[in-house]
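Right, one structure below, let's go through it.
Quick note on labels: first sequence line is chain A, next is B, and so on, each numbered from 1. Reckoned from all heavy atoms, side chains included, excluding hydrogens, waters and symmetry mates.
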4 protein chains.
Amino acid sequence: MALDIEKLQLAPAYRVVSDDLRRRIVAGSLEQGDILPTETELASRFGVHRSTIREGLRQLEQEGLLRRDGKKLLVSMPRQSDLASTAERALRLRQVNFRDVWEVASALEPLCASLAARQITADELALLERSLARTEAVVAAGESPVAADIEFLDLVASATHNQALRLARGPVSLLMHAGYAAIAPALPQSGPRLLAVHRQMLDALRQRDAALAEAIARRHMQDYRRGCEVAGLDMSLPIPPCT
Amino acid sequence: MALDIEKLQLAPAYRVVSDDLRRRIVAGSLEQGDILPTETELASRFGVHRSTIREGLRQLEQEGLLRRDGKKLLVSMPRQSDLASTAERALRLRQVNFRDVWEVASALEPLCASLAARQITADELALLERSLARTEAVVAAGESPVAADIEFLDLVASATHNQALRLARGPVSLLMHAGYAAIAPALPQSGPRLLAVHRQMLDALRQRDAALAEAIARRHMQDYRRGCEVAGLDMSLPIPPCT
Amino acid sequence: MALDIEKLQLAPAYRVVSDDLRRRIVAGSLEQGDILPTETELASRFGVHRSTIREGLRQLEQEGLLRRDGKKLLVSMPRQSDLASTAERALRLRQVNFRDVWEVASALEPLCASLAARQITADELALLERSLARTEAVVAAGESPVAADIEFLDLVASATHNQALRLARGPVSLLMHAGYAAIAPALPQSGPRLLAVHRQMLDALRQRDAALAEAIARRHMQDYRRGCEVAGLDMSLPIPPCT
Amino acid sequence: MALDIEKLQLAPAYRVVSDDLRRRIVAGSLEQGDILPTETELASRFGVHRSTIREGLRQLEQEGLLRRDGKKLLVSMPRQSDLASTAERALRLRQVNFRDVWEVASALEPLCASLAARQITADELALLERSLARTEAVVAAGESPVAADIEFLDLVASATHNQALRLARGPVSLLMHAGYAAIAPALPQSGPRLLAVHRQMLDALRQRDAALAEAIARRHMQDYRRGCEVAGLDMSLPIPPCT
DNA sequence: GTGGTCTAGACCACT
DNA sequence: GTGGTCTAGACCACG
């Protein structure tokens with residue numbers, strides 16, 4: 001009597017559902033923008049209860065592969081911003097400090113600038129110009145230029161057309177934002193200084209001058225560090241957990 | 001009779017639960033490794049149904065703040081590897097190409113090397129030595145050195161003690177891995193070459209020579225690009241969606 | 001977007017276990033008398049908890065495919081007697097009456113006798129002789145001959161080598177037993193009368209005289225009915241639920 | 001000091017539960033169709049864990065005294081069909097052959113017919129008429145009349161109002177069905193022939209002619225045997241173990 | 001919220 | 001050590 005018994009592996013129904021749909025999305029048999037059948041329909045197709053379907057869909061939504069638009073359930077790409085905020089939260093929890101973030105940003109932002117100078121389109125230049133105009137208004141009004149800087153840098157990053165780069169700098173950008181917001185009030189000059197940098201960067205990009213753009217970005221990052229020193233901020237301090 | 005009725009809390013009960021627990025975790029009153037009470041216990045403490053508790057816990061699990069070990073529910077930090085694999089999947093779906101990934105890696109890996117040279121501990125050096133020994137065995141056996149390279153670089157990244165950097169390079173590392181695996185079979189010299197780089201890097205780190213380590217990392221990244229050329233791989237090709 | 005989704009079929013682990021083992025038994029890869037591994041061993045082989053194994057084994061035990069002998073778990077055939085007692089209980093619950101049982105017995109016992117006369121072996125004849133001897137002792141002692149009659153008739157039924165017949169008459173025999181036991185005390189002659197019938201039957205079987213054996217069985221059944229009349233028993237009364 | 005110690009209660013808790021409930025059912029304090037409290041409720045009433053309750057309930061379910069309808073647990077009688085299928089499986093495992101089954105059926109079906117002729121009600125006659133009409137349609141369509149024959153004979157058996165008889169013939173009927181299904185395709189005349197027998201039987205029952213009904217049933221059984229001969233089926237072959 | 005299922009671990013009795 | 005029993009708690013699917 002030789003019993004050759006295999007180990008059982010039992011996947012719960014909701015995981016079978018989510019795995020099946022994920023496979024179809026990744027494999028391309030469900031394309032971005034496709035509308036899924038109703039939950040009831042899916043329930044009857046899979047032969048399980050609607051709750052089970054919902055449990056599976058929940059997972060895919062959180063992965064960003066599905067998105068709800070009104071009542072419709074659309075196949076979608078995970079949004080860079082969703083991933084960024086998740087990562088940002090994780091980093092804050094791990095008590096990442098300003099210096100760590102700054103170090104990474106110092107590597108990525110010049111790369112962004114350099115690549116953007118090579119890849120940027122006219123449309124993207126126009127977007128940057130509009131952003132610059134808004135920044136001028138903000139600075140003229142004496143308001144905090146932090147949000148404006150973030151917007152500008154995000155646009156530059158977009159202009160690289162490098163998804164991996166955008167994804168990598170996403171959370172770093174958010175955290176730099178937080179750090180900058182902490183010191184900006186103590187630096188009355190930060191607004192005009194920022195504005196000048198943005199103008200130089202836009203010029204460099206217009207001229208497709210990658211080396212110049214990169215140098216400006218590098219200087220911009222140095223400004224941050226100098227700002228911290230001037231403001232008396234210890235870069236070893238962790239960025240506080242938000243929320 | 002004047003009824004002063006409070007505005008209804010529109011936050012669903014499960015969100016109250018998850019927010020409360022998240023606050024305790026973030027505030028440190030629940031520490032990493034702590035075991036939560038049973039769901040039943042939580043349900044009675046919060047005065048809600050167990051299903052509600054479960055819904056709240058689910059949210060925290062997906063945030064990575066809770067982790068199940070067997071039946072136990074422990075407080076935990078989000079794992080870098082989880083975030084990395086999610087991000088990796090997203091990038092593959094967006095059909096990121098080898099060049100994009102390589103560009104980012106070329107910025108981050110030298111930074112890793114440089115910082116690691118300054119921050120690495122004796123223990124971490126020992127880990128790298130063991131990794132190198134394994135790589136030697138793998139290369140001697142003529143097996144693929146891809147996994148060994150990944151392991152080595154991950155250890156270097158850990159030695160920076162920079163969470164932001166580790167998180168940013170996580171998905172990039174996974175994708176480089178995939179790209180390297182695609183070309184390695186066509187490059188019989190890649191094993192010995194890799195081994196030499198690892199040895200040089202370990203030496204540089206031992207000597208705390210940041211500039212040298214950075215230079216080696218830069219050269220390592222150049223090797224990748226040259227490998228692609230030799231293997232005839234078009235770096236504009238998207239990395240295929242896995243799984 | 002054509003979604004061709006298969007219905008999920010999720011078998012619980014304990015059913016996978018029982019189905020797997022049942023298949024092996026029915027297919028013959030586990031033979032009657034084989035000893036199964038311990039529950040703990042099975043649990044580790046299947047990769048599930050012992051409780052899950054027990055749940056699966058329970059099913060097979062109740063089907064009669066497994067039997068416990070001390071600590072050992074043996075592969076076995078379902079026993080006719082188990083099925084009979086289950087059926088007997090069901091019939092009592094449904095308040096089956098003496099007449100119903102008698103009617104069925106009147107059809108089956110003569111058939112038993114007839115077939116036994118054709119199929120009986122020497123060994124079986126010997127068993128019947130020993131049974132007859134015990135009956136003589138019982139009757140001589142003035143004890144109740146009910147059990148003796150049951151034993152004799154069961155032996156005759158066995159001698160038909162017809163499993164379907166044995167199974168069909170099983171519960172009927174048990175209930176006749178109960179009915180007979182109710183009236184026997186009121187019939188002092190029943191012992192000797194029974195003994196005479198057994199002797200005649202044994203003779204008929206020895207001579208392989210199917211017609212005679214059948215006639216004797218028929219008469220035997222008539223004796224039961226007459227006994228009821230003599231004892232003043234209303235055959236429409238239900239046989240009481242036992243236990 | 002005299003210690004009078006009672007024998008320990010060796011009955012396990014789950015058995016106390018099942019015995020208690022069985023007693024209530026058999027005694028009638030729980031009637032057929034009554035709904036039991038939830039398992040949780042029973043657990044708290046008996047003061048044991050839910051698993052223990054479940055163990056007890058399982059026993060009663062397998063005895064057929066309880067039945068689940070959706071989530072409800074109702075008191076019920078054991079179903080003849082459950083017992084029949086268990087017995088059928090046992091017989092197949094024991095490799096019962098066609099002849100054995102046929103022999104028993106030859107004794108029981110005529111008895112059914114005879115008793116039914118005496119006991120049948122107007123309602124039951126109407127059911128038989130409807131069954132006959134369906135059979136006519138099936139035969140006219142050239143489909144297999146096997147299921148129709150089973151239905152008709154089961155209705156006749158029901159009309160005897162003899163539970164013992166119905167229970168005894170249950171598994172035999174199932175196995176005859178299997179045997180008939182095996183040969184029916186080879187007998188193009190079997191449909192019309194069957195239809196004629198059903199019509200005659202219905203007439204005999206309408207006229208309450210027990211002797212005629214019995215004779216028709218006897219002939220019907222002979223038809224089966226002849227069918228086997230015509231189809232070239234060896235009646236000594238075992239009916240194969242199903243599933 | 002209910003039942004079905006699974007895991008985990010414990011204690012006892014046998015042996 | 002093995003099986004029998006019991007408790008506890010958790011996950012899952014359904015409604």
Side-chain angles (χ1 to χ4, degrees), chain A residues 8-18 39-40 43-44 46-56 58, chain B residues 35-44 48-55 57-58 61 68-73, chain C residues 8-18 35-44 46-59 61 66 68-73, chain D residues 8-18 35-44 46-59 61 66 68-73:
Chain A
L8 303 181
Q9 67 231 0
L10 302 170
Y14 75 92
R15 254 171 65 63
V16 176
V17 169
S18 63
E39 293 178 347
T40 311
S44 86
F46 277 106
V48 297
H49 195 264
R50 202 182 77 144
S51 314
T52 307
I53 295 292
R54 289 178 63 75
E55 185 77 22
R58 190 198 317 277
Chain B
I35 298 176
L36 256 60
T38 67
E39 295 178 346
T40 311
E41 171 70 12
L42 288 171
S44 84
V48 297
H49 191 263
R50 193 164 73 96
S51 311
T52 307
I53 296 292
R54 288 177 59 71
E55 185 75 22
L57 295 180
R58 191 197 318 277
E61 281 183 81
R68 295 195 182 269
D69 175 28
K71 302 275 163 168
K72 282 187 264 300
L73 199 57
Chain C
L8 303 182
Q9 66 232 0
L10 303 169
Y14 76 92
R15 253 170 66 63
V16 176
V17 169
S18 63
I35 298 176
L36 256 61
T38 66
E39 294 178 345
T40 311
E41 171 70 11
L42 286 172
S44 87
F46 277 106
V48 296
H49 195 262
R50 183 165 74 103
S51 311
T52 307
I53 295 293
R54 288 178 60 74
E55 185 78 23
L57 296 180
R58 190 198 317 280
Q59 179 64 26
E61 285 183 75
L66 293 180
R68 295 196 183 268
D69 176 27
K71 303 262 168 175
K72 281 188 264 301
L73 199 56
Chain D
L8 293 180
Q9 292 290 5
L10 289 180
Y14 76 91
R15 175 171 286 286
V16 174
V17 169
S18 63
I35 298 176
L36 256 62
T38 66
E39 295 178 345
T40 312
E41 171 71 12
L42 286 171
S44 85
F46 278 104
V48 296
H49 195 264
R50 185 165 74 102
S51 310
T52 307
I53 294 292
R54 287 179 58 74
E55 184 77 24
L57 295 181
R58 190 196 319 280
Q59 178 64 27
E61 282 182 78
L66 293 180
R68 296 198 182 265
D69 176 28
K71 301 268 167 170
K72 283 187 264 299
L73 199 57

Quick one: does D/R58 reach the base of E/dT5 with a side-chain donor-acceptor pair under 3.5 Å?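 Looking at the base of E/dT5, it does not pair with any donor or acceptor on the side chain of D/R58 (distance under 3.5 Å).
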Is any side-chain N or O of C/R68 under 3.5 Å from a base N or O of F/dG4, one able to act as donor and the other as acceptor?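 Between F/dG4 and C/R68, which were checked side chain against base, a qualifying N/O pair under 3.5 Å is absent.
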Among [options], the one nearest [X] by side-chain distance:
X: C/S51; options: F/dA10, E/dA8, E/dG3; result: E/dA8
X: B/E39; options: F/dA10, F/dC11, F/dG3; result: F/dC11
X: C/P12; options: E/dT5, F/dT7, F/dT2; result: E/dT5

[X] side chain near [N] phosphate (N/O to OP1/OP2, under 4.0 Å):
X: C/R50; N: F/dG3; answer: no
X: D/T52; N: F/dT7; answer: yes
X: D/Y14; N: F/dT5; answer: yes

Just the rounded figure in Å: distance from P of F/dA10 to CG of B/L42.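 In whole Å, F/dA10 P and B/L42 CG are 9 Å from each other.
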Starting from P on F/dG3, measure out to CG on C/L57 and report it in whole angstrom.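 Roughly 9 Å, once rounded to whole Å.
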Residues two or more places apart in sequence or in another chain: which of them pass side chain to side chain contact (heavy atoms under 4.5 Å, CB included) with D/S51?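 Partners of D/S51 under the side chain to side chain contact (heavy atoms under 4.5 Å, CB included) test: D/H49.
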Using side chain to side chain contact (heavy atoms under 4.5 Å, CB included) as the criterion, list what pairs up with C/F46, not counting sequence neighbours.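 Per chain and number, C/F46 pairs via side chain to side chain contact (heavy atoms under 4.5 Å, CB included) with A/I5, A/L8, C/V17, C/D20, C/L42, C/V48, C/I53.
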Could you pick out which residue, A/E55 or C/E61, lies toward the 5' side of DNA chain F when each is mapped onto its nearest nucleotide?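 Going by which nucleotide is closer to the 5' end, it is C/E61.
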Expected output check: what is the dot-bracket annotation of DNA chain F, where ( ) and [ ] are pairs inside the strand (brackets for crossing ones), | is paired with another strand, and pairs are Watson-Crick or G-U under 3.5 Å? ||||||||||||||.
Under the salt bridge (Lys or Arg N to Asp or Glu O under 4.0 Å) test, which residues partner A/R54, sequence neighbours left out?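 Salt bridge (Lys or Arg N to Asp or Glu O under 4.0 Å) list for A/R54, sorted by chain: A/E39.
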Non-neighbouring partners of A/R15 that pass side-chain hydrogen bond (donor to acceptor under 3.5 Å, both in side chains), sequence neighbours left out: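 Partners of A/R15 by the side-chain hydrogen bond (donor to acceptor under 3.5 Å, both in side chains) criterion come out as none, since no residue qualifies.
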For C/S44, check side-chain hydrogen bond (donor to acceptor under 3.5 Å, both in side chains) against everything at least two apart and list the hits.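 Here no residue qualifies.
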Salt bridge check: are C/R58 and C/E55 linked by an N-O gap of less than 4.0 Å?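 A salt bridge links C/R58 with C/E55.
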